[in-house]
Amino acid sequence: MIQNIAVIGSGVMGRGIAYVAALAGFSVHLYDIDEKSLVTARDEIGNIFQKGIARKKITPQDRQSAENRLVYVHDLGEAVNKADLVIEAVPEKIEIKKSIFEAIDQLSPAHCLFATNTSTMSPTEIASFTTRPQKVIAMHFFNPVHKMPLVEIIKGLETDDETAEIIRGIAEKMGKETVVVNEFPGFVTSRISALVGNEAFYMLQEGIGKPEDIDKAIKLGLNYPMGPFELADLVGLDTRLNNLNYLYQTLGEKYRPAPLLVQYVKSGRLGRKTGIGVYDYTSGGDSR
Ligand code: NAD
């Protein structure tokens, strides 16, 4: 039975996963290598609780109980040594994921399951960094985690059915819908989303229109809830670029990152998390 969850990485996704896990009744250790990120995570999670209470989605008592179950730690051993499940949400770079999975394999109990929140990468490859590949799976949450209804569950080659069923049950306990799919780079959602987002950057680069107009056309003409630039700024342009680079290597030319996206990332325009991406959030959210 899963009671203790460790979340590794307290960025955009990790903090959201920690929030939904604590609210669902799990004991949660949220770990990050960067102490500043943990401080930001605590603030952001506080804001989500506050908004949830204001909108009457949760009660002050729910908040209190969930906060009592959530601890922020800067020591990986402390985070995972009693864990029944570790959910990894570190950047989409295989060498970072490898070092984390090798370490948690040593530090966590033998029965502990491992899930990766990767957007694109192979759970089979990630499982190969451990001695328990049958207990490793991808558990793909969406941003913002507390609002998005889906968890996409991806089985690697060695993942056993029991692990997939337990993970599906945990996602459902967190109030999520699930789909279980087989592994292929990008799964279902990232494969489509990366393509649409990248094409939008090519359009911007070609001077087809302003970001506002491209977003409006996609939202109102194609009935997407968000425009591709609004979504890229929410996801993080660096995260989006990492996804594209991986899909370009694995699936080929159609995922080659648009040069303008590469340029934005080089300049530090990473989206909402840095205050400016395609849109400038420091001056009311207009494009520059
Ligand atoms: P992020 O950059 O916001 O956060 C990553 C966090 O990991 C940072 O706080 C960083 O300090 C920490 N970190 C870096 N190296 C670490 C290490 N060795 N040990 C512990 N912590 C470490 O990234 P994110 O957007 O939260 O993405 C995390 C994962 O989730 C990626 O695999 C990404 O592809 C995936 N994902 C992202 C989104 C999204 O919309 N951003 C959606 C679904 C999945």
Side-chain angles (χ1 to χ4, degrees), residues 9-16 19 32 34-52 54-55 89-93 117 119-120 141-148 189-190 192-248 255-288:
S10 67
V12 172
M13 297 306 288
R15 64 184 73 136
Y19 170 87
D32 204 289
D34 176 7
E35 275 185 278
K36 279 194 294 207
S37 180
L38 284 172
V39 173
T40 310
R42 190 192 290 268
D43 291 347
E44 292 283 330
I45 289 174
N47 288 339
I48 306 174
F49 276 124
Q50 218 171 336
K51 284 185 191 150
R55 292 193 186 128
V90 300
E92 194 81 341
K93 294 258 170 77
N117 186 48
S119 307
T120 51
F141 289 84
F142 295 82
N143 184 10
V145 178
H146 64 290
K147 288 191 181 157
M148 296 295 284
T189 53
S190 300
I192 297 290
S193 174
L195 207 55
V196 171
N198 201 35
E199 200 59 29
F201 273 97
Y202 276 113
M203 288 180 190
L204 193 59
Q205 183 180 305
E206 287 155 6
I208 287 184
K210 291 194 296 188
E212 289 88 340
D213 293 328
I214 296 170
D215 273 349
K216 187 174 176 184
I218 300 293
K219 282 190 288 188
L220 302 187
L222 302 184
N223 207 15
Y224 279 43
M226 292 178 81
F229 298 120
E230 291 169 342
L231 183 60
D233 277 357
L234 181 71
V235 167
L237 271 57
D238 52 340
T239 301
R240 180 46 68 86
L241 179 60
N242 287 337
N243 293 349
L244 278 165
N245 276 327
Y246 183 79
L247 293 173
Y248 176 46
Y255 289 93
R256 180 193 288 274
L260 184 66
L261 170 61
V262 176
Q263 213 177 11
Y264 275 28
V265 172
K266 280 189 180 145
S267 77
R269 290 172 65 160
L270 305 186
R272 285 182 177 269
K273 62 185 168 186
T274 56
I276 179 165
V278 178
Y279 297 107
D280 184 352
Y281 301 91
T282 60
S283 68
D286 293 332
S287 65
R288 286 210 308 195

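Considering only residues two or more places apart in sequence or on other chains, S190 meets the side chain to side chain contact (heavy atoms under 4.5 Å, CB included) condition with S119, T120, H140. Residues passing the ring pair (Phe, Tyr, Trp, His ring centres under 6.0 Å) test with Y248, sequence neighbours excluded: none. Y255 pairs by the ring pair (Phe, Tyr, Trp, His ring centres under 6.0 Å) definition with nothing, not counting sequence neighbours.
I218 contributes atom CD1, which lies 12.0 Å from atom CG of L231 (distance to the nearest 0.5 angstrom). Atom CG of L38 and atom CZ of R15 lie 9.5 Å apart (nearest 0.5 Å). Put simply, CG on L244 and CG on L195 are 8.5 Å apart, with the number rounded to the nearest 0.5 Å. Rounding to the nearest 0.5 Å places CD1 of I276 at 7.5 Å from OG of S267.
The minimum heavy-atom distance linking F229 with V278 is given by the pair CD2-CG2, 3.7 Å. The shortest non-hydrogen separation linking I48 to Y19 is CG2-CZ, 3.6 Å. Nearest heavy-atom pair, A41 versus S10, reported as atom, atom and distance to 0.1 Å: CB-O, 3.6 Å. Residues N243 and E92 share a closest heavy-atom pair of OD1-CG, 3.4 Å. In terms of heavy-atom proximity, P257 sits nearest to V262 at CB-CG2, 4.1 Å. Counting all heavy atoms, side chain and backbone alike, N198 lies closest to A258 at OD1-N, 2.9 Å.
For residues 222-238, the set of pairs meeting the salt bridge (charged side-chain N to carboxylate O under 4.0 Å, His left out) definition, not counting sequence neighbours, comprises K219-E230, D238-K273. Identified under the salt bridge (charged side-chain N to carboxylate O under 4.0 Å, His left out) test for residues 34-45, with sequence neighbours left out: none.
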Atom pairs and distances, donor-acceptor, side-chain atoms in residues 199-208, under 3.5 Å, two or more places apart:
{"unit_1": "Y202", "atom_1": "OH", "unit_2": "R256", "atom_2": "O", "d": "3.0"}
{"unit_1": "Q205", "atom_1": "OE1", "unit_2": "L260", "atom_2": "N", "d": "3.1"}

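Residues P144 and L234 have side chains in contact (heavy-atom distance under 4.5 Å, counting atoms from C-beta outward). Within the 4.5 Å cutoff, the side chain of Y224 has heavy atoms near those of the V196 side chain. Annotation: side chain of L241 is not in contact with side chain of L237 (no heavy-atom distance under 4.5 Å). At least one side-chain heavy atom of N47 sits less than 4.5 Å from a side-chain heavy atom of Q50.
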Let me see the working for R272 and V12 under side chain to side chain contact (heavy atoms under 4.5 Å, CB included), right down to the final yes or no.
-> CA-CA 10 Å; R272 285 182 177 269; V12 172; over 6 Å; no

